[in-house]
Amino acid sequence: MSRNSVLIIPSLNPDERLISYIKDLIAKGFSKIILIDDGSSPTSRDIFQAADALPECDLLVHTVNMGKGRSLKDAFNYYCQNYSKDYLGIITADSDGQHLSEDIIRLDTALSKTPDTLILGCRDFDKPSVPLKSSFGNKMTRQALRLLIGSARQPEPGKRTKAISDTQTGLRAIPNSLIKNYLTLAGEHFEYETNMLIEALHTNTAIKEITIQTVYINENSETHFRPLADSFAIYKQIFSTFLKYTFASLSSFFIDYSIYSLLILLLGFLPLAPKIWTASVCARIFSSLYNYGMNMSIVFKNNTNKRMTLAKYYTLCILQLCCSSLFVWLVCAKTHLSEITVKLFVDSFLFIASFYIQKNWVFQKSRKHIMELPCSTL
């Protein structure tokens, strides 16, 4: 039976099991496999030569180790140039035998049923056979991704969003409509796969999860994942949007707070309520213009519909201004605290709420910008 996808297998220093793995996949109907030698040692040369001798296998070679992310992007580009007209998409799989052929076939089948959907083969991390470091690391990353980036849209209409359950899976089916967009993502190592998920969440791409068998060979000792360097790179990507938002917000708050404080002093002759509202409105006009520009171009990077994002942003800005001024006035009217001190605490609470609203509503990317050209036109 002919399959819908091309398999992509990045590999570093494999053993002879790789050949058996590839031959089994070919026997199961996969007519084209792109294998990447990511700078392996000379001891693996015979294995790659044997794979390259198979007519169904194309071998890409890195002279030096360049990382899994670079291997995947090179293979994606090769696929677009050679095979995208004949297949629905690609499936990425690891070379260590972790991903069983029957699970790969299930992703291939799903690819034809859910177009424009990123399909993930997800492991069950609650099983006792899963190494503790793998279980703990994935669950922690899962929560960080959910809180700071968001939950995944489901391909079935009417279904609620859900957190991605396996953020580090290497078994993924990617349709042609998404490949071009993923070619331009940053990341040369394992963080590239995280960036792929972040992009899917930012663009509201549907994500389908298929439960796969959880296989760890020798307690996952053969993995090329670098615990410190790769974990740092992954969390840097997850936290980058929030950290940039924090910087933009803090610098905006400095502008807002400085102008507000100055006007409170200059308008001391006014009654309490007019003084607070006048100072708040004037300060927010200047700080919001700066903040909008920062969030649009640097934080959320959504320049696709400036008129719409501007309207949403100032709707949120007005609501936030009203909430800030109202709470400051209520607290100051009931206490002897200064308006400047109270505003500092009130705006700190509104800071987190504004991040989620801007991320999920104001600067939410639409699917329209993803694929204006099919992969085959590259």
Side-chain angles (χ1 to χ4, degrees), residues 3-10 30 32 34 36 68-94 99 104 106-122 145 149-157 159 161-162 164-188 190-210 212 237-238 241 300-302 304 364-378:
R3 301 297 172 185
N4 302 305
S5 57
V6 169
L7 279 180
I8 291 178
I9 305 177
F30 289 97
K32 185 53 61 180
I34 302 173
I36 307 96
K68 188 178 184 182
R70 173 48 53 192
S71 297
L72 291 174
K73 283 186 278 189
D74 285 349
F76 290 0
N77 188 64
Y78 181 84
Y79 166 83
C80 285
Q81 292 175 340
N82 295 280
Y83 299 118
S84 61
K85 292 181 180 179
D86 303 318
Y87 295 89
L88 297 179
I90 58 179
I91 294 179
T92 65
D94 294 343
H99 302 137
I104 296 176
R106 294 173 64 207
L107 264 70
D108 179 80
T109 303
L111 188 62
S112 63
K113 298 179 180 178
T114 52
D116 300 323
T117 297
L118 177 62
I119 305 168
L120 306 178
C122 298
L145 196 69
I149 307 298
S151 297
R153 179 173 71 86
Q154 302 301 293
E156 297 83 1
K159 276 201 171 185
T161 60
K162 58 177 290 188
I164 296 174
S165 62
D166 187 350
T167 60
Q168 297 166 25
T169 179
L171 183 59
R172 306 176 180 200
I174 308 170
N176 287 338
S177 59
L178 299 178
I179 296 173
K180 181 187 174 184
N181 202 47
Y182 294 165
L183 267 172
T184 60
L185 297 178
E188 300 298 298
F190 285 91
E191 77 275 9
Y192 172 70
E193 293 179 306
T194 300
N195 280 338
M196 199 184 297
L197 299 181
I198 292 173
E199 178 67 11
L201 294 173
H202 279 167
T203 56
N204 202 29
T205 298
I207 297 178
K208 181 179 180 63
E209 294 189 334
I210 294 177
I212 62 174
Q237 301 306 315
I238 294 175
T241 298
F300 301 106
K301 297 180 180 179
N302 184 357
T304 56
Q364 173 73 59
K365 294 179 182 178
S366 70
R367 287 277 298 131
K368 292 181 181 179
H369 86 284
I370 293 180
M371 282 305 302
E372 297 172 353
L373 293 173
C375 179
S376 58
T377 63
L378 287 173

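What you see is a predicted model, and the numbers here were worked out from it, not measured in a lab.
Interatomic distance, CG of Leu197 versus CG of Leu118, reported as 6.5 Å (0.5 Å rounding). Atom CZ of Arg172 is separated from atom SG of Cys122 by 9.0 Å, given to the nearest 0.5 angstrom. Here CG of Leu185 is found 6.0 Å from CG of Asn195. Values are rounded to the nearest 0.5 Å. Atom-to-atom distance recorded for Ile164:CD1 and Thr167:OG1 is 7.5 Å, nearest 0.5 angstrom. From Thr194, atom OG1 reaches atom CG of Leu145 across 7.5 Å, with rounding to the nearest 0.5 Å. Rounding to the nearest 0.5 Å places OH of Tyr87 at 10.0 Å from CG of Leu7.
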Ile174/Met196 under side-chain contact (heavy atoms from CB on, under 4.5 Å): CA gap, chis, key distance, verdict: CA-CA 10 Å; Ile174 308 170; Met196 199 184 297; 3.7 Å; yes
Criterion side-chain contact (heavy atoms from CB on, under 4.5 Å) on Val6 and Ile91, from CA distance to verdict: CA-CA 6 Å; Val6 169; Ile91 294 179; over 6 Å; no
Pair Thr161-Gln154, side chain to side chain donor-acceptor pair (under 3.5 Å): steps then yes or no: CA-CA 6 Å; Thr161 60; Gln154 302 301 293; over 6 Å; no
side-chain contact (heavy atoms from CB on, under 4.5 Å) between Ser165 and Glu209, worked out: CA-CA 8 Å; Ser165 62; Glu209 294 189 334; 2.9 Å; yes
CA sep, side-chain torsions, deciding dist, call: Tyr182, Glu199, side-chain contact (heavy atoms from CB on, under 4.5 Å): CA-CA 8 Å; Tyr182 294 165; Glu199 178 67 11; 3.9 Å; yes
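For the pair Asp108 (side chain) and Ser5 (backbone), a donor-acceptor distance under 3.5 Å is present. The main-chain N or O of Ser112 is never found under 3.5 Å from a side-chain atom of Asn4 such that the two would form a donor-acceptor pair. A donor-acceptor distance shorter than 3.5 angstrom exists from the side chain of Thr169 to the backbone of Leu171, with no hydrogens or angles considered. Between the side chain of Thr92 and the backbone N or O of Gly170, at least one donor-acceptor pair lies under 3.5 Å.
Among residue pairs with one or both ends in residues 72-82, those qualifying as salt bridge (charged side-chain N to carboxylate O under 4.0 Å, His left out) are Arg70-Asp74, Lys73-Glu188; sequence neighbours excluded.
A 4.5 Å side-chain heavy-atom check between Gln168 and Phe190 finds every atom pair outside the cut-off.
Residues Ile207 and Ala200 approach most closely at CD1-CB, 3.9 Å, considering heavy atoms. Residues Pro155 and Thr117 share a closest heavy-atom pair of CB-OG1, 3.9 Å. Residues Ala110 and Ile210 share a closest heavy-atom pair of CB-CD1, 3.6 Å. The shortest non-hydrogen separation linking Thr114 to Lys208 is CG2-CD, 4.1 Å. Heavy-atom minimum distance, Pro10 versus Ala93: CD-O, 3.4 Å.
Using a 4.0 Å cut-off between a side-chain N of Lys or Arg and a carboxylate O of Asp or Glu, Asp94 and Lys68 qualify as a salt bridge.
Side-chain contact check for Asp116 and Ser177: at least one donor-acceptor pair (N or O, by modelled atom type) lies under 3.5 Å.
Partner of Pro175 under the side-chain contact (heavy atoms from CB on, under 4.5 Å) criterion, out of Leu111, Leu88, Ile90: Leu111 alone.
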